[in-house]
Amino acid sequence: MNNFSKKLLAGAIAAVAVLVSTPSASAAARNGVCETNEFCLYWGPGTAWSASDFTTSIDTYGTSQPTCYEFKTPDRGGYEQCVKNNAEHACNFRSRAVRVYFNSDHKGAYDTIPAGTCRPLVATKNNNASHLFL
């Protein structure tokens with residue numbers, strides 16, 4: 001094998017290694033769209049409002065920009081507002097339940113959102129500060 005062939009082969013192997021090891025960008029993107037394996041909170045009653053989508057438990061949503069978790073769906077009510085004390089509805093597209101808590105650090109009253117369901121928040125409607133994947 002000549003030097004050109006060796007370099008070509010090495011370049012091809014490097015390209016394949018990058019493709020194989022690069023995770024999908026959309027798998028963890030917080031884009032305001034509730035997708036498979038995500039948990040979402042909505043600014044208003046139902047799913048027609050701006051959403052905040054999550055792939056992990058959150059200890060505290062934060063209270064002000066720029067450090068709070070926010071509703072991410074553009075052109076819908078609640079867009080760019082902080083999630084804390086502003087969520088009315090939840091959808092759980094995960095395989096296990098999620099609890100939304102009144103207080104930070106998963107404390108206080110809570111709503112449990114079973115896997116594969118969407119429902120209004122009751123105990124934590126507009127009074128929510130954290131959530132926990134069960």
Side-chain angles (χ1 to χ4, degrees):
M1 187 179 285
N2 63 34
N3 280 340
F4 177 77
S5 296
K6 288 179 182 177
K7 288 180 181 178
L8 185 62
L9 180 60
I13 290 171
V16 169
V18 167
L19 288 174
V20 170
S21 66
T22 303
S24 169
S26 65
R30 294 195 63 247
N31 59 5
V33 177
C34 204
E35 300 167 305
T36 302
N37 294 321
E38 289 187 331
F39 170 71
C40 295
L41 292 169
Y42 291 88
W43 184 80
T47 59
W49 303 91
S50 193
S52 191
D53 50 320
F54 301 93
T55 57
T56 62
S57 297
I58 302 295
D59 293 337
T60 184
Y61 296 143
T63 57
S64 61
Q65 293 290 3
T67 58
C68 70
Y69 286 90
E70 63 189 6
F71 293 102
K72 306 287 268 178
T73 316
D75 301 320
R76 294 194 185 177
Y79 176 59
E80 294 187 333
Q81 290 189 27
C82 294
V83 169
K84 186 173 182 174
N85 298 331
N86 284 315
E88 291 190 30
H89 198 83
C91 286
N92 181 5
F93 293 129
R94 298 178 44 78
S95 60
R96 300 187 68 183
V98 177
R99 282 192 178 151
V100 178
Y101 287 87
F102 184 88
N103 294 318
S104 295
D105 300 317
H106 317 122
K107 297 189 186 316
Y110 61 83
D111 286 296
T112 301
I113 313 302
T117 65
C118 293
R119 60 181 51 194
L121 297 174
V122 178
T124 62
K125 177 182 176 181
N126 290 322
N127 283 301
N128 31 62
S130 62
H131 69 262
L132 180 66
F133 289 180
L134 302 178

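Of all heavy-atom pairs spanning Asn31 and Glu35, the tightest one is ND2-OE1, 3.6 Å. Closest of all the heavy-atom pairs between Arg96 and Ala115 is N-CB, 3.6 Å. Of all non-hydrogen atoms in Gln65 and Glu70, the two that sit nearest each other are NE2-OE1, 2.6 Å. The shortest heavy-atom contact between Ala123 and Ala109 is CB-CB, 4.3 Å.
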Donor-acceptor list for residues 75-83 side chains, cut-off 3.5 Å, not counting sequence neighbours:
| unit_1 | atom_1 | unit_2 | atom_2 | d |
| --- | --- | --- | --- | --- |
| Arg76 | NH1 | Thr47 | O | 3.4 |
| Gln81 | OE1 | Trp43 | NE1 | 3.1 |

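With Asp111 contributing its side chain and Val122 its backbone, the two residues share a donor-acceptor pair below 3.5 Å. Remark: side-chain polar atoms of Thr124 are not paired, donor with acceptor, to backbone N or O of Tyr110 under 3.5 angstrom. A donor-acceptor contact shorter than 3.5 Å links the side chain of Asn128 to the backbone of Asn85.
Residue Thr112 holds its OG1 atom at 6.5 Å from CG of Leu134, rounded to the nearest 0.5 Å. One finds the CD atom of Glu88 at 10.5 Å from the CG atom of Asn127 (value rounded to the nearest 0.5 Å). How far OG of Ser52 is from OH of Tyr69: 9.0 Å, rounded to the nearest 0.5 Å. Asn103 CG to Thr60 OG1: the interatomic distance, rounded to the nearest 0.5 Å, is 9.5 Å. Put simply, OG1 on Thr55 and CD on Glu38 are 6.5 Å apart, with the number rounded to the nearest 0.5 Å. Taken to the nearest 0.5 Å, the CZ atom of Phe102 stands 12.5 Å off from the CG atom of Leu121.
Aromatic ring centroids of His131 and Tyr61 lie under 6.0 Å apart. Phe133 and Phe54 have their aromatic ring centers separated by at least 6.0 angstrom.
Under the 3.5 Å distance criterion, with hydrogens and angles disregarded, no donor-acceptor pair is assigned to the side chains of Ser130 and Asp59.
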Under the criterion side-chain hydrogen bond (donor to acceptor under 3.5 Å, both in side chains), I'd like the reasoning laid out for Asn92 against Thr117: C-alpha separation, chi angles, the key distance, then a yes or no.
CA-CA 6 Å; Asn92 181 5; Thr117 65; 5.8 Å; no

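A cation-pi arrangement, defined by a distance under 6.0 Å to the six-membered ring centre and an angle within 45 degrees of its axis, is absent between Arg94 and Phe39.
By the criterion of side-chain heavy atoms lying less than 4.5 angstrom apart, applied directly or through intervening Ile, Leu, Val, Met, Phe, Trp or Tyr residues, Leu41 is not grouped with Tyr101; the two fall into different hydrophobic clusters. When hydrophobic clusters are built by joining Ile, Leu, Val, Met, Phe, Trp and Tyr residues whose side-chain heavy atoms come closer than 4.5 Å, directly or via intermediates, Ile58 is not grouped with Tyr42.
Side-chain contact between Cys68 and Lys84 is absent, with no heavy atoms from C-beta onward closer than 4.5 Å.
Cys40-Cys91 SG separation is not under 2.5 Å; the pair is not scored as a disulfide.
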